[in-house]
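The chains referred to below are lettered A, B, ... by the order of the sequence lines, with proteins before strands, and numbering in each begins at 1.
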2 protein chains.
Amino acid sequence: MTTTRPGTERDLLRSAGLRATEQRVAVLRALESNPHADAQGVFDVVRSELPDTSLQAVYGVLSALTDAGLARRIEPAGSPARYELRVGDNHHHIVCSRCGAIGDVDCAVGAAPCLTPAETSGFTLTTAEVTYWGLCPDCATAPLG
Amino acid sequence: MTTTRPGTERDLLRSAGLRATEQRVAVLRALESNPHADAQGVFDVVRSELPDTSLQAVYGVLSALTDAGLARRIEPAGSPARYELRVGDNHHHIVCSRCGAIGDVDCAVGAAPCLTPAETSGFTLTTAEVTYWGLCPDCATAPLG
DNA sequence: CCTCAGTTTTGAAGGGTTCAAAATAATGGC
DNA sequence: GCCATTATTTTGAACCCTTCAAAACTGAGG
């Protein structure tokens with residue numbers, strides 16, 4: 001067996017119709033160990049493994065993953081875009097208003113109560129996105145600010 | 001009576017502890033007639049009244065209004081920041097994913113059901129923000145894309 | 001009317017992201 | 001296994017939105 005050994009990321013990419021490049025595999029790994037990382041954060045992690053990777057490549061990979069449905073892009077106010085691999089379930093996020101840390105939050109009351117506003121102003125609704133704001137454990141207990 | 005006549009915006013500014021400059025009055029008027037406008041949009045409207053106003057002044061005014069609680073800043077993903085004068089009530093927004101138009105949406109089920117997630121990952125919660133995505137009336141009936 | 005602090009103007013820089021052409025590398029077929 | 005094809009990445013640059021900073025100005029109180 002001289003073929004590829006691990007391959008889970010490669011398989012994931014191929015099954016999504018994407019070429020399994022080492023940059024893409026590295027980005028997937030980076031996001032596995034760093035949920036909610038931004039492009040720069042992914043870049044930093046990827047570089048430790050593939051030192052010649054460019055930031056633009058990371059942007060390209062993140063875009064490809066997002067388009068293919070393998071990643072999800074979230075953009076909290078005042079923060080650069082973050083990416084996560086947890087897709088397909090409609091979960092939400094809680095953002096620390098002090099340090100920007102992000103946590104996952106499952107939908108509040110069962111299925112999707114927030115998905116049905118009273119009045120949509122004539123808009124056709126497709127999705128609802130909830131962002132909670134607060135303080136992460138560290139910042140809540142930290143000194144002043 | 002040779003004093004100011006209209007003055008509602010001026011009064012509003014003064015009561016918030018801000019100087020009533022003509023730029024600020026103009027920005028308030030622009031937001032009254034253009035809810036959810038972005039800085040550039042406000043700038044365009046203000047310029048029709050005060051041609052010498054700078055974009056930086058608009059940014060400054062919007063920042064001052066937001067800090068003073070007279071305006072609210074919203075930042076939908078993929079859009080420049082928008083501003084609105086409707087503050088104090090926790091209403092949400094619906095954004096057209098095609099053209100970016102924004103509508104107001106009152107909180108779905110009475111008070112604030114979305115404010116209580118099941119699990120906060122240890123975060124201390126302060127606010128919840130709901131963004132609905134869909135198509136505005138115009139885009140829903142428009143041709144393709 | 002004058003003074004002083006708060007605002008705006010002017011000019012520039014910054015971060016995050018996207019664009020484009022050329023070089024490179026991953027597939028599928030031979 | 002080797003080639004050709006086409007997707008990806010590299011390289012280098014530009015873009016938009018926003019903020020910063022010093023100097024000129026203006027509103028509000030005395």
Side-chain angles (χ1 to χ4, degrees), chain A residues 2-4 7 9-28 30 36-44 46-47 49-68 70-71 73-83 100, chain B residues 2-4 7 9-28 30 36-44 46-47 49-68 70-71 73-83 100:
Chain A
T2 56
T3 49
T4 54
E9 288 86 4
R10 294 180 57 84
D11 296 342
L12 185 63
L13 288 165
R14 305 305 312 288
S15 64
L18 297 174
R19 283 191 185 174
T21 66
E22 45 182 4
Q23 288 90 340
R24 285 179 176 167
V25 171
V27 166
L28 282 175
H36 312 131
D38 60 15
Q40 183 66 52
V42 170
F43 178 61
D44 293 342
V46 167
R47 276 225 146 168
E49 190 177 328
L50 269 49
D52 291 332
T53 305
S54 68
L55 178 57
Q56 285 75 359
V58 170
Y59 273 105
V61 171
L62 290 172
S63 180
L65 295 179
T66 302
D67 290 346
L70 297 182
R73 175 186 182 138
I74 57 181
E75 299 178 48
S79 164
R82 311 294 196 94
Y83 298 84
Chain B
T2 55
T3 48
T4 54
E9 287 87 4
R10 293 178 60 83
D11 296 342
L12 185 64
L13 288 164
R14 303 309 310 290
S15 65
L18 297 175
R19 282 196 186 171
T21 67
E22 44 182 5
Q23 288 90 340
R24 285 179 177 167
V25 171
V27 167
L28 282 175
H36 312 130
D38 59 16
Q40 183 67 51
V42 170
F43 177 61
D44 294 341
V46 169
R47 277 223 144 171
E49 191 178 328
L50 269 49
D52 290 332
T53 305
S54 69
L55 179 57
Q56 285 76 358
V58 170
Y59 272 107
V61 171
L62 290 171
S63 180
L65 295 179
T66 302
D67 290 346
L70 297 182
R73 176 186 181 137
I74 57 180
E75 300 179 45
S79 165
R82 311 295 195 96
Y83 298 84

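Shortest non-hydrogen contact noted between P80(A) and D38(A) is CG-OD2, 3.6 Å. Between F43(A) and S54(A), the closest heavy-atom pair is CE1-C, 3.5 Å. Between V25(A) and E9(A), the shortest heavy-atom distance links the atoms CG1-CB, 3.9 Å. Closest approach of H36(B) to R82(B), counting heavy atoms only: O-NH1, 2.8 Å. Taking all atoms of both residues into account, the shortest heavy-atom contact from A64(B) to L18(B) is O-CD1, 4.2 Å.
Residues passing the side-chain hydrogen bond (donor to acceptor under 3.5 Å, both in side chains) test with R14(A): none are found, sequence neighbours excluded. Applying the side-chain hydrogen bond (donor to acceptor under 3.5 Å, both in side chains) criterion to D67(B), with sequence neighbours excluded, gives no partner residue. Applying the salt bridge (Lys or Arg N to Asp or Glu O under 4.0 Å) rule to E22(A) yields no partners; only residues at least two apart in sequence or on another chain are considered.
Each end of the helix from dC1(C)-dG30(D) to dC30(C)-dG1(D) gets its own axis, taken as the rotation carrying the C1' atoms of four end pairs onto the next four within a five-pair window, and the two axes meet at 30° to the nearest 10 degrees.
D67(B) places its CG atom 15 Å from the C1' atom of dT18(D), with the value rounded to the nearest Å.
In this model, the phosphate group of dT19(D) is not approached by any side-chain N or O of Y59(B) to a distance below 4.0 Å at OP1 or OP2.
The outermost nucleotides of DNA chain C lying under 4.0 Å from heavy atoms of chain A, listed 5' to 3', are dG16(C) to dG28(C).
For the pairing with T53(A), the side chain to side chain contact (heavy atoms under 4.5 Å, CB included) check across V58(A), V61(A), V42(A) returns one residue only, V58(A).
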Original post:
Passes side-chain contact (heavy atoms from CB on, under 4.5 Å), Q23(A) versus L50(A)? Steps please.
Top reply: CA-CA 7 Å; Q23(A) 288 90 340; L50(A) 269 49; 4.1 Å; yes

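Among the heavy atoms of the strands lying under 4.0 Å from A20(B) are primed sugar atoms or P, OP1, OP2 only; no base atom is included. Within 4.0 Å of A64(B), counting heavy atoms only, lies no atom of the nucleic acid at all.
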Return the polar atom pairs (N/O with N/O) between nucleotides 7-10 of chain D and the protein under 3.5 Å, or none.
from, atom 1, to, atom 2, distance (Å)
dA7(D), O4', R19(A), NH1, 3.4
dA7(D), O4', R19(A), NH2, 3.1
dT8(D), OP1, R24(A), NH1, 2.8
dT8(D), OP1, R24(A), NH2, 3.3
dT8(D), O5', R24(A), NH1, 3.2
dT8(D), O5', R24(A), NH2, 2.8
dT9(D), OP1, T21(A), OG1, 2.9
dT9(D), O3', Q23(A), NE2, 3.0
dT10(D), OP1, D52(A), O, 2.9
dT10(D), OP2, S54(A), N, 3.0
dT10(D), OP2, S54(A), OG, 2.8

